Number of protein chains: 2
Amino acid sequence: MSGYELSSRFEASVGSTWSAGHSQIYPELVRLAADGLVEAGEPGPRGRKTYAVTAAGRDAVQAWLADTEPDRTVRDEAALRTFFLWLMTPEAARDHVQDELDAAEQSLDGLRLLAARRRPATPAERSQRIALEAGLRTTQARVGWARWALERLDDQAGRDDHPPG
Amino acid sequence: MSGYELSSRFEASVGSTWSAGHSQIYPELVRLAADGLVEAGEPGPRGRKTYAVTAAGRDAVQAWLADTEPDRTVRDEAALRTFFLWLMTPEAARDHVQDELDAAEQSLDGLRLLAARRRPATPAERSQRIALEAGLRTTQARVGWARWALERLDDQAGRDDHPPG
DNA sequence: CTCAACATGTAACTCGTTACATGATTGA
DNA sequence: TCAATCATGTAACGAGTTACATGTTGAG
């Protein structure tokens with residue numbers, strides 16, 4: 001697969017959990033090739049370079065999966081902003097949550113499209129389906145949250161003195 | 001509030017959505033002070049330095065909230081690994097998902113504790129409660145996903161030829 | 001012929017983590 | 001007195017983003 005292709009596929013498949021721009025991928029492929037984890041194939045039409053995983057590369061992935069703990073650090077800017085809802089005008093706060101709702105619904109549409117494709121046949125596809133399900137469920141949760149939050153904000157608007165504008 | 005205190009509170013409150021180590025906080029406070037967004041107060045007992053937000057600082061936060069779009073980039077290493085379930089032995093795959101389940105359940109316990117505290121009284125507390133709800137719901141979704149995934153893996157184990165060990 | 005998509009790279013910068021380094025105060 | 005906790009910093013490194021920079025191929 002070429003760097004360009006990797007870059008596109010990243011967006012399309014694992015893109016919901018991780019992303020990488022081409023400026024990160026090209027140098028990394030060179031590095032991986034130097035380490036013998038991938039090897040370059042025949043150059044294609046317009047300067048296209050393809051790489052294939054080597055046995056050592058596959059081992060390295062498996063070693064990573066087996067020997068290292070996942071880093072569970074979360075970094076969710078939209079959620080962070082929710083902590084500061086009280087610094088916004090009631091309208092801005094509502095807009096923020098509405099934006100979250102829209103974003104989540106849109107993301108959900110995309111994921112559902114992927115899920116509807118064809119039923120997974122290979123082990124790799126079955127894994128992808130399981131990973132996709134995680135996205136589906138957490139995104140549904142975000143949709144549910146945003147609807148709940150909107151109601152709650154509207155409820156509060158009736159009673160409260162609003163913070164500074 | 002001092003840098004040390006900020007560092008601890010980060011962990012305890014917004015920690016579920018964002019984190020920062022002390023090595024990031026101390027230099028940042030110096031920078032913010034130089035920009036007039038916070039100001040240093042009287043030094044305390046053991047070299048303790050306290051800072052307070054200035055009006056300019058509050059404005060800057062509000063400008064950030066109002067003028068910039070949240071970055072919705074997700075980076076979820078545990079979810080990424082799920083894409084590679086098929087490269088693991090069936091046991092390792094199951095363990096991975098079980099670890100996710102354990103982590104999610106533990107995180108959920110912590111969030112529930114926070115949610116049970118006292119009912120929010122101030123606008124800031126109400127915002128925190130709404131933010132917390134997001135954590136609660138997405139974490140519940142992760143628990144649900146992990147249980148579903150375990151069942152699915154066990155189902156498959158009965159039928160499939162397993163990939164390389 | 002021209003535009004979109006294919007295709008690859010480099011450089012500067014920012015953000016965050018890990019490790020290094022030090023010292024004061026308090027309670028057991 | 002000794003350990004934990006409070007308290008603050010710096011330096012090196014790695015990961016990732018943005019912007020810069022260039023060239024090819026195919027379709028309309």
Side-chain angles (χ1 to χ4, degrees), chain A residues 1-35 37-52 60-61 63-64 67-81, chain B residues 1-35 37-52 60-61 63-64 67-81:
Chain A
M1 205 184 279
S2 69
Y4 187 85
E5 222 177 329
L6 271 168
S7 189
S8 326
R9 297 257 186 122
F10 239 96
E11 193 64 22
S13 78
V14 284
S16 51
T17 52
W18 207 271
S19 62
H22 73 271
S23 62
Q24 203 182 347
I25 287 173
Y26 292 126
E28 188 64 20
L29 281 171
V30 172
R31 220 213 47 169
L32 289 172
D35 291 356
L37 304 179
V38 299
E39 58 186 359
E42 308 276 287
R46 37 199 132 171
R48 187 171 195 269
K49 297 177 186 174
T50 53
Y51 295 88
V61 174
W64 173 66
D67 303 339
T68 64
E69 283 283 296
D71 174 2
R72 291 180 217 277
T73 312
V74 176
R75 215 164 266 283
D76 183 340
E77 189 188 313
L80 178 65
R81 282 169 185 243
Chain B
M1 206 183 279
S2 69
Y4 186 86
E5 222 175 330
L6 272 168
S7 189
S8 326
R9 297 257 187 122
F10 239 96
E11 192 64 21
S13 79
V14 284
S16 51
T17 52
W18 206 271
S19 64
H22 73 272
S23 62
Q24 202 182 347
I25 288 173
Y26 292 126
E28 188 64 21
L29 280 170
V30 171
R31 221 213 48 172
L32 289 172
D35 291 355
L37 304 179
V38 298
E39 58 184 1
E42 308 275 289
R46 38 198 131 171
R48 187 171 193 268
K49 297 177 187 174
T50 54
Y51 295 88
V61 174
W64 172 66
D67 304 338
T68 64
E69 284 284 295
D71 174 3
R72 290 181 217 277
T73 313
V74 176
R75 215 164 266 283
D76 184 340
E77 190 190 311
L80 177 65
R81 283 170 184 243

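Chain identifiers are assigned alphabetically (A, B, ...) following the order of the sequence lines, protein sequences preceding nucleic acid strands; residue numbering begins at 1 within each chain. Not measured: the values here are computed from a predicted model. Below, each value reflects all heavy atoms present in this structure, side chains not excepted, and no hydrogens, waters or symmetry copies.
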Q: Tell me which residues in residues 6-15 of chain B lie within less than 4.0 Å of DNA chain C, going by non-hydrogen atoms.
A: none
Q: What is the distance, to the nearest angstrom, from the NE2 atom on His22(B) to the P atom on dT22(C)?
A: 14 Å
Q: Find every protein N or O atom lying less than 3.5 Å from an N or O atom of nucleotides 2-7 of chain C, and list the pairs.
A:
residue : atom : partner  : partner atom : Å
dC6(C)  : OP2  : Tyr4(A)  : OH           : 2.8
dA7(C)  : OP1  : Arg48(A) : NE           : 3.3

Q: Would you list the pairs meeting salt bridge (Lys or Arg N to Asp or Glu O under 4.0 Å) in which at least one residue belongs to residues 71-80 of chain B, sequence neighbours left out?
A: Glu100(A)-Arg72(B), Glu77(B)-Arg81(B)
Q: Rounding to 10°, can you tell me the angle the first-five-pair axis of the helix from dC1(C)-dG28(D) to dA28(C)-dT1(D) makes with its last-five-pair axis?
A: 30°
Q: Using the side chain to side chain contact (heavy atoms under 4.5 Å, CB included) criterion, which residues pair with Ala40(B)? Sequence neighbours excluded.
A: Tyr51(B)
Q: Could you note down all residue pairs passing salt bridge (Lys or Arg N to Asp or Glu O under 4.0 Å) where residues 19-30 of chain B supplies at least one of them, sequence neighbours left out?
A: Glu28(B)-Arg31(B)
Q: Please list all pairs meeting ring-ring contact (aromatic ring centres under 6.0 Å, His included) that have one or both residues in residues 5-25 of chain A, counting only residues at least two apart or in different chains.
A: His22(A)-Tyr26(A)
Q: According to salt bridge (Lys or Arg N to Asp or Glu O under 4.0 Å), who are the partners of Glu39(B), at least two apart in sequence or on a separate chain?
A: none
Q: Could you list the residues that satisfy side chain to side chain contact (heavy atoms under 4.5 Å, CB included) with Leu6(B), not counting sequence neighbours?
A: Met1(B), Ile25(B), Leu29(B)
Q: For nucleotides 14-17 of chain C, tabulate all protein N/O to nucleotide N/O atom pairs closer than 3.5 Å, reporting atom names and distance.
A:
residue : atom : partner  : partner atom : Å
dG16(C) : OP1  : Arg75(A) : NH1          : 3.2
dG16(C) : OP2  : Gln24(B) : NE2          : 2.4
dG16(C) : O5'  : Gln24(B) : NE2          : 3.3
dG16(C) : O3'  : Arg75(A) : NH2          : 3.2
dT17(C) : OP1  : Arg75(A) : NH2          : 3.1

Q: Grab the CG-P distance between Asp76(B) and dG16(D) for me, whole Å please.
A: 14 Å
Q: Please enumerate all residues that pass salt bridge (Lys or Arg N to Asp or Glu O under 4.0 Å) together with Arg46(A), with sequence neighbours excluded.
A: none
Q: Taking salt bridge (Lys or Arg N to Asp or Glu O under 4.0 Å) as the cut-off, I'd like each qualifying pair that reaches into residues 7-26 of chain A, sequence neighbours left out, listed once.
A: Glu5(A)-Arg9(A)
Q: Return the value, rounded to whole Å, for the distance between atom CG of Leu29(A) and atom P of dG9(C).
A: 8 Å
